[in-house]
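Take a look at the structure set out below.
Letters go in sequence order (proteins before strands), and every chain restarts at 1. These figures come from a predicted structure and were not determined experimentally.
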There are 2 protein chains.
Amino acid sequence: MAVGDSVPRIEAAAKVTGRARFAGDFTLPGMRIAKYLRSSIAHGRVTSIDVSKAKVLPGVDGVFTFADVPKIDFATAGHAYSLDPRARDVEDRMLLTDHIRYHGDEIAIVVAANDLIARQALELIEVEYQELPPILTAEQAYQIDAEDLHPGKGTTSVNECGAHEYVLGNVEQSLADADHLLNGRYTTQMVQHCHMETHVGYAYMDDLDYIVVVSSTQIPHICRRIVAQSLDMPLHQIRVIKPAIGGGFGNKQDVVLEPMLAFLTKKLGGLPVRIEMTREENMVATRVRHPFDVKIKAGVNNDGTLKGLSLDVLSNTGAYASHGHSICKAAGSKLAPLYPRTALRYNAKTFYSTLPAGGAMRGYGSPQIIFAVDNMMEQAAAKIGMDPVDFRIKNAAVAGDINPLSGKAIDSCGLIECLQKGRDILNWDQRRKELQQQTGRVRRGVGVACFAYGSGTYPAGVEIAGARMVLNQDGSANLHVGAVEIGQGSDTVFAQMAAERLGISVDMIRVVSTQDTDSTPFDPGAFASRQTYVASPAVAGAAEKLRKKILDHAALMLEKKAETLDIHQKDIIERTSGEKLLSLQDLSLDAYYHKERGGQITAEMSTKMTANAYAYGATFTEIEVDLDMCRIEIKKIWNIHDAGKIINPLLARGQVEGGVGMGIAGALAEEMLINAKNGKILNGNLLDYKMPTCLDLPDIDCDFVETDESTAPFGNKSLGEPPLLSVAPAIRNALLHATSVQVDSLPMSPKALFIHFRDAGLLG
Amino acid sequence: MAVGDSVPRIEAAAKVTGRARFAGDFTLPGMRIAKYLRSSIAHGRVTSIDVSKAKVLPGVDGVFTFADVPKIDFATAGHAYSLDPRARDVEDRMLLTDHIRYHGDEIAIVVAANDLIARQALELIEVEYQELPPILTAEQAYQIDAEDLHPGKGTTSVNECGAHEYVLGNVEQSLADADHLLNGRYTTQMVQHCHMETHVGYAYMDDLDYIVVVSSTQIPHICRRIVAQSLDMPLHQIRVIKPAIGGGFGNKQDVVLEPMLAFLTKKLGGLPVRIEMTREENMVATRVRHPFDVKIKAGVNNDGTLKGLSLDVLSNTGAYASHGHSICKAAGSKLAPLYPRTALRYNAKTFYSTLPAGGAMRGYGSPQIIFAVDNMMEQAAAKIGMDPVDFRIKNAAVAGDINPLSGKAIDSCGLIECLQKGRDILNWDQRRKELQQQTGRVRRGVGVACFAYGSGTYPAGVEIAGARMVLNQDGSANLHVGAVEIGQGSDTVFAQMAAERLGISVDMIRVVSTQDTDSTPFDPGAFASRQTYVASPAVAGAAEKLRKKILDHAALMLEKKAETLDIHQKDIIERTSGEKLLSLQDLSLDAYYHKERGGQITAEMSTKMTANAYAYGATFTEIEVDLDMCRIEIKKIWNIHDAGKIINPLLARGQVEGGVGMGIAGALAEEMLINAKNGKILNGNLLDYKMPTCLDLPDIDCDFVETDESTAPFGNKSLGEPPLLSVAPAIRNALLHATSVQVDSLPMSPKALFIHFRDAGLLG
């Protein structure tokens with residue numbers, strides 16, 4: 001059957017042959033090009049702007065500045081709307097601004113006949129600034145005399161975007177009573193998603209008050225709401241269409257271009273207007289991963305019990321909230337289901353600064369927290385002289401543990417099996433011993449790290465999904481899902497699920513991959529590793545409904561009871577004997593075209609998921625360190641995942657390979673560099689921003705521990721974000737093993753390693 | 001409430017501001033232009049074709065001839081598929097042909113970078129023909145030695161495309177027994193639809209085996225099937241999208257360009273290919289109204305009883321069947337419900353000829369038959385000295401009469417009231433007397449004619465319709481209908497119906513007007529005056545389902561019983577007190593975003609109509625004839641319609657005005673002229689084809705007799721085609737009244753009148 005098979009991506013051929021159409025592959029007659037005027041400073045105010053020369057340049061349709069945009073604050077984060085006003089995203093942005101908060105902030109925009117004229121017009125705009133010192137870190141941001149970047153927004157302190165704390169168990173007592181109390185401080189860097197397709201979209205009007213936005217977005221239905229809100233229009237006057245997407249990783253879980261596109265077409269009488277970000281714009285003016293500064297106290301007993309963990313986390317959200325504090329908050333919530341028997345305190349604050357705005361990025365804060373916690377775990381294991389794997393196993397969650405944060409039992413958990421499997425695969429125990437106390441320029445080490453990660457946002461957010469199926473006249477079926485294919489393969493697994501429940505083969509399911517808010521069933525979109533988990537009840541439900549309707553019609557045609565019939569591939573069969581009674585095609589033709597009975601057979605489901613299954617996993621790696629070259633080479637890297645039942649092993653493996661690659665990149669190479677004096681971005685392009693290519697990456701291996709999650713119809717759990725979560729700390733721990741050098745900040749680039757190795761006296 | 005109100009067209013603003021996008025308003029990067037090579041002869045064979053020079057012209061992507069196309073015969077008529085093979089359309093056409101059957105037949109096609117290169121390439125193709133004599137009329141076509149235009153197709157006789165006969169009652173006896181037996185022969189001309197937007201479309205592939213066709217079509221779902229069939233592809237690999245349409249009148253109820261577009265993009269590896277017909281191509285290479293040649297025998301008694309009618313009808317379908325004999329057959333079926341107590345014989349045959357192919361055109365054969373029958377009615381009334389209105393009233397259908405063709409009782413019938421109302425409005429009795437026996441150059445006359453017309457194709461075809469509704473987050477609702485807006489206003493009346501049943505105002509219904517076969521509920525399309533009748537149960541049903549789901553959710557939120565609640569405009573109210581309890585918007589937000597309960601509220605219905613309501617009506621006119629100028633001026637023209645309940649008086653009036661205008665055009669002016677020697681079309685353009693403009697048309701008035709048709713949820717019946725049906729015979733009868741000149745063929749152009757008036761000795 002379909003679920004569990006390695007079905008190749010259904011859109012693979014379209015993508016590799018170039019037939020798939022992305023937002024940038026469309027045009028409309030008369031389409032105009034818009035380009036932003038971006039600030040050349042990182043912090044300050046525009047004191048004067050003169051667009052008169054730009055406006056009269058032939059071919060220019062309009063020049064709009066901060067003075068021309070609606071005075072409506074809106075939030076760009078792609079969250080489903082919340083009925084609770086306190087849970088909504090911070091509305092701290094207008095379409096354009098004269099208050100410059102980062103290097104590249106949007107002051108004005110030009111609309112012109114083509115890209116060249118638009119660029120020429122930008123050159124003709126004269127701007128004067130009052131420049132202010134940059135605010136680069138959370139610590140700088142909360143100084144009492146710091147410039148307030150968003151007066152009246154955020155919470156109590158200056159530049160504080162959000163804050164919260166949870167305490168589970170008696171943490172103070174646990175720390176005090178523990179055999180050992182350890183302290184650590186860990187920091188992570190700002191990185192960019194670097195999806196292949198930059199942000200691109202266009203908008204037009206095909207009626208008086210009705211705006212169509214075609215966009216490379218992970219969140220078409222949410223985008224519709226935010227565009228409406230940003231222009232103060234009724235929601236039904238906005239239509240968002242999502243064609244094929246060339247990657248997002250969370251960066252397209254923000255509405256970056258869409259409100260502006262809608263504003264421009266409205267201003268210009270419905271003219272089609274397009275914006276395509278250059279790579280350089282995409283590097284700075286979209287969202288980045290929040291730098292975290294994490295202080296941990298850990299209490300550990302000699303028997304390996306992790307008694308307590310206390311974290312103080314500072315998150316730096318940059319110029320605008322975007323997802324704001326919710327990232328730091330969400331990251332904290334993944335600790336309780338990982339070490340549910342440990343007392344936990346998680347105190348977190350998110351601050352504005354003059355960096356590019358932090359937003360959703362694969363892992364949503366967890367890579368930062370796991371880097372910190374797993375490094376601390378390594379220190380703790382070392383402290384008590386326990387094997388790091390044993391130490392993790394000792395404290396790891398097992399099925400049935402109560403997640404102290406939700407109060408609910410953990411339904412499925414294969415974490416210990418993941419750790420054991422990885423230990424076996426890497427021949428951990430032997431390599432751990434063999435590689436003790438090496439000398440010489442080239443040394444090896446093994447490392448481990450592990451994680452827990454949710455499947456969706458519930459209960460923080462609503463988890464709604466929708467699917468609709470239509471039986472075609474040829475016996476195939478169309479499947480519409482609100483969940484969004486952004487390159488991760490979701491359409492394929494949904495086709496498998498629908499085929500499985502319907503009883504036909506996957507190639508007879510046609511997934512309508514383009515989401516169109518006018519017609520596509522509602523679903524907030526692609527984020528939070530939610531889709532195959534949250535949307536599976538909708539897909540399964542719609543398929544089951546369709547199946548029932550098909551069998552009912554078969555019963556009518558065959559004058560038999562529906563319960564005695566079944567669907568098998570292209571036929572209606574007798575359930576017990578398997579005898580073919582009627583082809584699905586003939587059934588469908590009868591349903592459509594019989595003059596009196598039947599009708600088009602369709603089924604639709606909108607479902608809400610009120611659980612949040614935790615996926616687990618671990619990274620095991622063996623690295624080789626060249627001390628003189630300050631270089632880490634990954635010899636082996638294995639991710640072992642408990643993602644519940646695997647719907648599609650081929651795609652699951654692909655998902656892990658991509659995620660581990662991204663994890664290695666963030667561990668060893670990527671970092672957005674800032675000039676500390678003026679806050680300007682130093683490497684906002686793919687030449688200077690060091691992103692590994694496939695030639696730089698090692699072979700990546702993975703394996704799965706299949707549990708059966710009872711809250712999902714097919715037993716599956718998240719696998720979108722998890723692959724990268726534990727990669728960096730595993731490498732860091734292997735480095736520690738190889739060299740005894742403790743690196744507590746990312747990235748472990750040659751530049752950073754040089755300082756560490758030099759300070760440790762390891763350089764030759 | 002909404003139904004019955006004169007709601008302005010919901011797409012009016014989009015259309016008058018130019019924002020509505022038609023198929024010709026789109027483009028895609030790299031889109032190619034295709035142009036047909038059309039035969040320069042009307043009948044014969046291509047003996048040689050050389051495309052070698054065209055193929056190597058820079059900018060040419062491909063040249064395809066009849067030798068390159070699939071050897072698959074297909075039918076182009078836009079009928080829903082029939083489970084009965086005998087009822088399917090005649091498959092007599094391939095994509096291109098070397099057997100030339102009309103002047104303009106399609107031999108080859110060029111695809112090039114632009115229109116200019118395509119035209120240049122056409123010039124470079126060298127063709128040689130063997131020319132044959134044209135076959136212009138049905139009489140010529142059935143000669144035993146006539147060239148067989150479609151060997152192996154059609155029925156028994158040479159060039160016979162179809163034939164049938166029905167006999168209701170003892171016609172021979174009735175004619176023999178009648179006090180008077182009358183004979184007549186009436187002929188009608190070939191006319192073109194002349195919709196503003198010519199045939200235009202494009203196709204592309206966004207996957208390996210998946211073709212998208214965007215087309216100006218009345219029948220997107222049928223188009224999908226025929227394209228699949230013409231290329232021997234599975235139906236689910238074809239997607240047809242219908243944007244705004246600039247008129248069709250039946251000419252876009254044929255797949256004229258779509259199979260070729262799909263073929264070309266497939267041949268060219270998925271490249272987008274576009275065809276836009278010139279007006280000149282549209283005149284000859286699309287469909288025309290079938291010329292009819294009708295012989296009638298009528299038996300009438302002195303008391304005014306029409307005892308029997310016997311018709312022998314020859315229909316000329318031209319080069320290809322298209323709708324073939326079904327038009328002539330359908331026209332015959334409208335007589336029985338008009339004069340149900342009269343014995344009827346209807347013998348009809350349809351022949352191929354070398355004229356442009358006849359197809360569906362507003363009235364679908366009825367204008368021709370009604371012209372003949374109503375002229376005969378006038379003769380009969382004169383014969384027995386009875387007032388023409390009285391004579392019609394005497395024989396007219398009344399509710400409860402059994403339609404002898406279907407055996408079912410006529411549900412609603414306001415024909416007599418229509419005739420009485422028209423008589424009063426026109427002051428008929430007095431004018432009839434005043435205008436007896438005029439002399440002089442300028443004379444006046446009054447005329448009447450009447451009709452019956454079905455609502456849809458049942459039981460000849462399946463009548464299926466689909467609607468889906470979605471409650472938006474702002475309390476508005478989207479309405480998807482399979483029925484197709486082609487300029488007639490159907491979207492507006494569906495919005496009214498949905499609003500009425502839902503209890504909200506029309507402006508809170510957003511009709512998704514673009515049909516997309518991937519997602520739009522199934523409906524065969526816009527034809528047969530079917531949509532507001534056949535689709536109303538689907539729209540009403542979906543709205544009622546949605547209403548129930550909304551009230552169920554309200555009950556959940558309010559902890560009240562759903563039966564005690566109602567929807568009124570933007571609120572949920574208590575049914576009895578009318579008290580506002582909750583806004584629809586808040587309800588919807590809760591349904592979407594409450595974390596545990598609810599879901600997106602949607603509803604879908606696919607319904608089949610198993611009745612066919614007859615609409616009735618009459619035209620009354622007073623004309624002034626200038627004998628010397630051979631010119632008829634219409635002084636007054638009133639159409640009085642029984643279209644059941646009127647959903648939208650404003651749009652109903654618009655529909656009547658357009659239809660009467662088209663009727664006047666066909667009565668007095670329009671005619672496609674053919675060179676009798678070689679079969680070439682003489683006036684295939686809008687300069688030489690005399691189509692009246694609004695300056696040429698009189699003021700058109702109308703009124704309604706509202707009956708309540710019980711087979712339709714809102715009591716409505718057809719009004720799309722009916723307005724033109726009785727126009728020509730009413731004018732003809734007024735001409736007879738004014739001048740005593742009996743004109744039995746159309747058009748009554750100055751040229752034709754000159755001959756009549758000269759022969760009658762009336763010219764000064």
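Heavy atoms closer than 4.5 Å to chain B are found in the side chain of A:Ile464, but not in its backbone. Looking at A:Thr602, only its side chain comes within 4.5 Å of chain B, counting heavy atoms on both sides. With a 4.5 Å cut-off on non-hydrogen atoms, B:Ala591 touches chain A through its backbone but not through its side chain. Contacts of A:Pro521 with chain B are made by both backbone and side-chain atoms, with heavy-atom separations under 4.5 Å. Contacts of A:Ala460 with chain B are made by backbone atoms alone, with heavy-atom separations under 4.5 Å and no side-chain atom involved. In this structure, chain A has heavy atoms under 4.5 Å from both the backbone and the side chain of B:Phe26. Residue contact with chain A, scored on non-hydrogen atoms closer than 4.5 Å, is absent for B:Ile509. With a 4.5 Å cut-off on non-hydrogen atoms, B:Thr17 touches chain A through its side chain but not through its backbone. When heavy atoms are compared at a cutoff of 4.5 Å, A:Ala12 does not approach chain B at all. Residue contact with chain A, scored on non-hydrogen atoms closer than 4.5 Å, involves the backbone and the side chain of B:Ser519 alike. In this structure, chain B has heavy atoms under 4.5 Å from both the backbone and the side chain of A:Tyr81. Both the backbone and the side chain of A:Asp590 come within less than 4.5 Å of a heavy atom in chain B. Looking at A:Pro234, the atoms closer than 4.5 Å to chain B (heavy atoms on both sides) sit in the backbone and in the side chain alike.
Proximity of B:Arg21 to A:Val212: side-chain heavy atoms (C-beta onward) are nowhere separated by under 4.5 Å. For the pair A:Thr610/B:Lys595, no side-chain contact is recorded, criterion being any heavy-atom separation below 4.5 Å from C-beta on. Annotation: side chain of A:Asp207 is in contact with side chain of B:Arg510 (closest heavy-atom distance under 4.5 Å).
Counting heavy-atom pairs closer than 4.5 Å to chain B, the top-ranked of the candidates A:Gly598, A:Ala603, A:Ala80 is A:Gly598. With respect to chain B, the highest number of heavy-atom pairs below 4.5 Å among A:Ile601, A:Val470, A:Leu589, A:Asp516 belongs to A:Leu589. With respect to chain A, the highest number of heavy-atom pairs below 4.5 Å among B:Gly466, B:Ala538, B:Pro459 belongs to B:Pro459. Counting heavy-atom pairs under 4.5 Å between each of A:Glu596, A:Arg468, A:Met31, A:Arg224 and chain B puts A:Arg468 at the top. When each of A:Arg225, A:Glu463, A:Arg597, A:Glu11 is checked for heavy-atom pairs under 4.5 Å with chain B, A:Arg597 comes out on top. Interface check for chain A: of the options B:Ser82, B:Ala20, B:Gly461, the most heavy-atom pairs under 4.5 Å are formed by B:Gly461. Most heavy-atom pairs under 4.5 Å with chain B: of the set A:Ala465, A:Ala244, A:Gly269, this distinction falls to A:Gly269.
Take B:Asp206 and apply the salt bridge (Lys or Arg N to Asp or Glu O under 4.0 Å) test, not counting sequence neighbours, and it matches no residue.
In this structure, the ring of A:Phe522 has its center less than 6.0 angstrom from the ring center of B:Tyr592.
Listed by sequence position, B:Asn472, B:Gln473, B:Asp474, B:Ser476, B:Asn478, B:His480 are the residues of residues 472-481 of chain B in contact with chain A, using a 4.5 angstrom heavy-atom cutoff.
With a 6.0 Å radius and a threshold of 12 heavy atoms from other residues, nucleotides or ligands, A:Lys570 has its NZ atom at or below the threshold. Within a 6.0 Å radius of NZ in B:Lys267, other residues, nucleotides and ligands contribute 12 heavy atoms or fewer.
In terms of modelled atom types and a separation under 3.5 Å, the side chain of A:Ser606 and the main chain of B:Gly599 share no donor-acceptor contact.
In this structure, the separation between CG on A:Leu235 and CD on B:Gln585 is 9.0 Å, given to the nearest 0.5 Å.
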